[in-house]
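Report on the structure given below.
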Amino acid sequence: MNLQKLSRLDLNLLVALQALLEERSVTRAAKRLFITQPAMSRVLQRLRQQLDDPLFTRSGNELVATPKAQDLQLRLPAMLDGILAMISVGVFDPASHVGEITIAVPEFFAISLVSRLIESLSVVAPGVVLSVSSDTDSVERELAEGILDFAIDIDKPLGMDIEATHLVNYSPSIWMREGHPLAEQHSISLDEILEYPFVQYYLLIAKRVSARTDARFDKTLRKLGRKRTKALVTKQFMTAMETISRSNCLMVAARYGHTIEENTYPIVRKGFPDDLPHEQTITLVLLQHKRTFESPIHCWLVSQITGVIMNKEAQKVG
DNA sequence: AAAGTTAGTCAGCGACTTAA
DNA sequence: TTAAGTCGCTGACTAACTTT
């Protein structure tokens, strides 16, 4: 945008121009804007200089608009209405809001959340476009710079500028295909699961995946002096699910009620081995930067996202 | 604090319209 | 035709604000 050129234009002149275009009279336009006729005459003079066009020619007691003024008459009202809407403080109306919201969500969570969210938004806020990704270089930085509006991630300590809203608790579990040698066992041991290769699926939002990157599971094993075999490292949920469906690979993932993958893939989930120390739950939180705390659309979306999740919880209980 | 800039008012002008 | 009224423009001036 050419801000240098814009800075030379007094935008207030456009308001006067709109009055002149509507009234077709310097005197009446002056009355509209509560200034005297000579003052309005000088405003017209400045407009003529800045826009390099006479804008109006006098014909008797009437001002006749030049082609340039006629062109401006078509475009100016929408521009001024836009500015007025921008600066007006009123009640936020999701139905009339137009804009894009960017959100980083882990794919396994996005599958169930985003579809339900869109189901609701498309009715109550048809002008809102959700832009969903599952990778970021730095959640904190991208939230701060406005690249992201929200992120959903595992609960962990972050800077003071980031607020976390609790969403759900997941239970970590071991996933495998139906008919897997371990599938019929009531409980499984650490020794047993380490006999099989693993799919390392990234539960969280991340930019790159690498077999060298240790998951929590790998760190826990290391403390015990153990190590697992990795067959695949991916953040592609469908790739991970297809792989464990067609092989003896195991996958450490999180279970949250009855989810889409349960219907789609022949998967069996097992609790963590008793002889493997682990967290009982993984908490997912909705992250937003303080710059959006007062923003009506952001506040409203937080309520929509938590609402969608609470509905899902209610269905789960019911 | 002084000088410069900006945006306004007042007074008056010329061009034009209207009504007698 | 002419006088009165309307309209936009401009010079002179002022007040408020900004810059030096």
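Letters A, B, ... mirror the listed sequences (proteins, then strands); counts begin at 1. Everything numeric in this text was worked out from a predicted model, so none of it was measured.
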A:Lys270 and A:Leu182 have their tightest heavy-atom pair at CE-O, 3.7 Å
Polar atom pairs (N or O), protein with nucleotides 4-6 of chain B, under 3.5 Å:
none

Quiz prompt | Within 6.0 Å of NZ in A:Lys290, more than 12 heavy atoms from elsewhere | solution = no
Donor-acceptor pairs under 3.5 Å, side chain of residues 98-107 of chain A to any protein atom, not counting sequence neighbours: which ones?
residue, atom, partner, partner atom, Å
A:Glu100, OE2, A:Ser131, OG, 3.4
A:Thr102, OG1, A:Ile147, O, 2.9
A:Thr102, OG1, A:Asp149, N, 3.1
A:Thr102, OG1, A:Asp149, OD2, 3.2
A:Glu107, OE1, A:Phe237, N, 3.1

Hits for side chain to side chain donor-acceptor pair (under 3.5 Å) against A:Asp71, two or more places apart or cross-chain, chain-then-number order -> A:Arg75
Rounded to whole Å, the CG-C1' distance (A:Leu20 to C:dC7) equals 13 Å
To the nearest 0.5 Å, atom CE of A:Met176 lies from atom OG of A:Ser245 at 12.5 Å
In short, ring pair (Phe, Tyr, Trp, His ring centres under 6.0 Å) pairs touching residues 123-147 of chain A with sequence neighbours left out are none
Between the protein and nucleotides 9-13 of chain C, are there any N/O to N/O pairs under 3.5 Å, and if so, what are the atom names and distances?
residue, atom, partner, partner atom, Å
C:dC9, OP1, A:Arg48, NH1, 2.4
C:dC9, OP1, A:Arg48, NH2, 3.4
C:dC9, OP2, A:Ser41, OG, 2.9
C:dC9, N4, A:Gln37, OE1, 2.7
C:dT10, OP2, A:Gln45, NE2, 2.4
C:dG11, N7, A:Arg42, NH2, 3.0
C:dG11, O6, A:Arg42, NH2, 2.6
C:dA12, N6, A:Arg42, NH2, 3.0

Side chain to side chain contact (heavy atoms under 4.5 Å, CB included) filter on A:Arg228, not counting sequence neighbours, yields A:Leu194, A:Phe198, A:Gln200, A:Ala215, A:Phe217, A:Asp218, A:Leu221, A:Lys230, A:Val252
Q) Does A:Thr27 place a side-chain N or O at less than 4.0 Å from the phosphate oxygens OP1/OP2 of C:dG8? A) yes
Report task. Hey, can you tell me if A:His298 and A:Phe150 have their rings parallel, tilted or perpendicular (30° and 60° cut-offs)? Result -> tilted
